[in-house]
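Have a look at the structure below before the remarks.
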Amino acid sequence: PSRERLLLTVPIDHLAANTAPGRGETKAETVAGHLSPEPAPLASTHNPALTPELIKWKLSLEQVAALLVAERAKGYDGVTFSGGEVTLLKELPAMLRLARKAGYADAGIITNGLLAADPAYAQELLTSGLTFVCVSIHGADAALHDKMVEVPGAFEKAIKALENLKGIPRVLNFVLTAENMTALPEFVRRFAADDSFVEIQAYLPHYEGLMADNQARLRLKIADAKPVLAAAVAEAERLGAGEKLKIYNVPPCALPEHRGRLRNWAKEEGESLLVDPAGMREGSFAQERRGRVKPAACARCLLNDECLG
């Protein structure tokens, strides 16, 4: 969408040095509500959200409200709260209500779905103004997803959350690692044909937070992911759902034949604002540039000026 988006990082309360299996690499559509959640078993070794800076940074609900109002006045009209696991934030329903009251047309969340599996809580989110949801699922079945997020029963709860929130647009998010990437085609096969899912996101991760801590085990090269991504695209197209599958954090030189479905490789239409844990206002796509490099060969590419690396 071309409308302007606001991206805020809003940790409220630090409880433990681990994080639930929501995602933290927030992007251009989002207002991020980062929260370090309750102690284990809500742990995930591949969540990039939790960093020392994030643990130390806190904002009150009043400060969040002030930011929402101020940035709405500047033209931002879409917000998404993510994490960490944002549904652990007791103020989330209030934040959704504040966002909608401030005039944001869209107010969404990125979540692991564990708490939204409760019909009453899911209904509270909807009543508070939730307009879309992205649920992170990192395997095509319970065995793999539960292993990835280290929470028994997580897959079943994520599916239940999706059912509870079926009345609004729903997105699925799959973060590829060395341990789960081969399951992506089966994941697409299971979900892409369902018309109620508006997008399936395949993400190569940012190596920050817990993802960085576990990268020796989880890191994968783009070259190793290419055959799996190509197979996933072929499966989506076979199902007549090719337009749903979007691939994030892969430069066009790696998958030139699928450039149209690549995201987060260049500045796109619309504006975003990121306020990170240090309180620094970075501007459009600055977060997506962190950790990226450009080898000498990039200077010869026709897309060098717009590519993030």
Side-chain angles (χ1 to χ4, degrees), residues 1-2 5 7 23 25-30 46 48 110 134 136-140 171-193 197-208 211 215 218-272 274 283-309:
S2 60
R5 300 279 171 169
L7 176 56
R23 288 179 48 259
E25 63 275 34
T26 50
K27 49 191 185 304
E29 298 99 59
T30 65
H46 77 287
I110 301 174
C134 176
S136 297
I137 301 180
H138 308 301
V171 173
L172 295 177
N173 172 268
F174 185 109
V175 177
L176 284 82
T177 74
E179 292 189 346
N180 73 343
M181 68 173 181
T182 57
L184 180 61
E186 179 60 29
F187 181 86
V188 170
R189 187 175 305 119
R190 176 163 187 165
F191 295 108
F197 295 122
V198 298
E199 183 172 298
I200 294 177
Q201 301 174 345
Y203 258 87
L204 268 70
H206 295 280
Y207 291 94
E208 299 178 355
M211 179 64 87
Q215 63 179 299
L218 300 177
R219 179 180 285 274
L220 76 162
K221 297 179 180 178
I222 292 178
D224 294 333
K226 283 176 61 176
V228 172
L229 292 169
V233 170
E235 186 62 27
E237 291 178 345
R238 184 187 69 81
L239 295 169
E243 75 286 350
K244 286 186 182 181
L245 181 60
K246 309 301 181 186
I247 300 170
Y248 287 75
N249 301 330
V250 176
C253 57
L255 287 173
E257 67 274 29
H258 300 303
R259 178 180 165 186
R261 68 177 72 251
L262 302 182
R263 299 291 183 270
N264 287 12
W265 68 270
K267 181 177 178 179
E268 301 175 7
E269 289 187 11
E271 293 295 322
S272 66
L274 169 65
S284 299
F285 281 78
Q287 188 211 31
E288 302 300 344
R289 294 186 177 93
R290 294 205 294 256
R292 300 197 185 203
V293 296
K294 285 189 173 184
C298 290
R300 301 190 297 271
C301 179
L302 294 176
L303 300 176
N304 184 46
D305 289 342
E306 59 182 308
C307 184
L308 300 177

Residue pair Tyr248, Asn173: steps toward the side-chain contact (heavy atoms from CB on, under 4.5 Å) verdict: CA-CA 10 Å; Tyr248 287 75; Asn173 172 268; over 6 Å; no
Please step through side-chain contact (heavy atoms from CB on, under 4.5 Å) for the pair Asn249 and Tyr203, ending with a clear verdict. CA-CA 6 Å; Asn249 301 330; Tyr203 258 87; 3.4 Å; yes
Derivation of the side-chain contact (heavy atoms from CB on, under 4.5 Å) call for Asp224 and Met181: CA-CA 9 Å; Asp224 294 333; Met181 68 173 181; 4.2 Å; yes
Between Glu199 and Lys244, does at least one N-O distance fall below 4.0 Å, as a salt bridge requires? no
CG (Leu229) and CD1 (Ile247) are apart, to the nearest 0.5 Å, by 4.5 Å
If you round to the nearest 0.5 Å, how far is CG of Leu172 from CZ of Phe197? 4.5 Å
Using only atom types and a distance under 3.5 Å, with no angle test, would you say the side chain of His138 pairs donor to acceptor with the backbone of Val175? yes
Asn304 side chain to Cys301 backbone, donor-acceptor under 3.5 Å: no
Closest heavy-atom contact between Ile222 and Pro251? CD1-CD, 3.6 Å
If you take all heavy atoms of Thr177 and Leu220, which pair is closest and at what distance? CA-CD2, 3.8 Å
For a quick test of reading the model, state the closest non-hydrogen atom pair linking Leu308 to Asn264 and the distance between them. CD1-O, 3.7 Å
For Val250 and Trp265, which heavy atoms make the closest approach, and how far apart are they? O-CB, 3.7 Å
Taking Glu237 first and then Arg261, would you say they form a salt bridge - that is, a charged N and a carboxylate O separated by under 4.0 Å? yes
Tightest non-hydrogen contact, residues Ala192 and Ala241, listed as O-CB, 3.4 Å
Heavy-atom closest pair, residues Val233 and His258: CG1-CE1, 3.4 Å
Verdict with supporting geometry, Phe174 and Ile200, side-chain contact (heavy atoms from CB on, under 4.5 Å): CA-CA 8 Å; Phe174 185 109; Ile200 294 177; 5.7 Å; no
Where the side chain of Lys226 meets the backbone of Lys221, is there a donor-acceptor pair that is under 3.5 Å apart? no
Taking atom CD1 of Ile137 and atom CZ of Phe191, what is their separation to the nearest 0.5 Å? 4.5 Å
What's the spacing between Cys253 SG and Arg259 CZ if we round to 0.5 Å? 11.5 Å
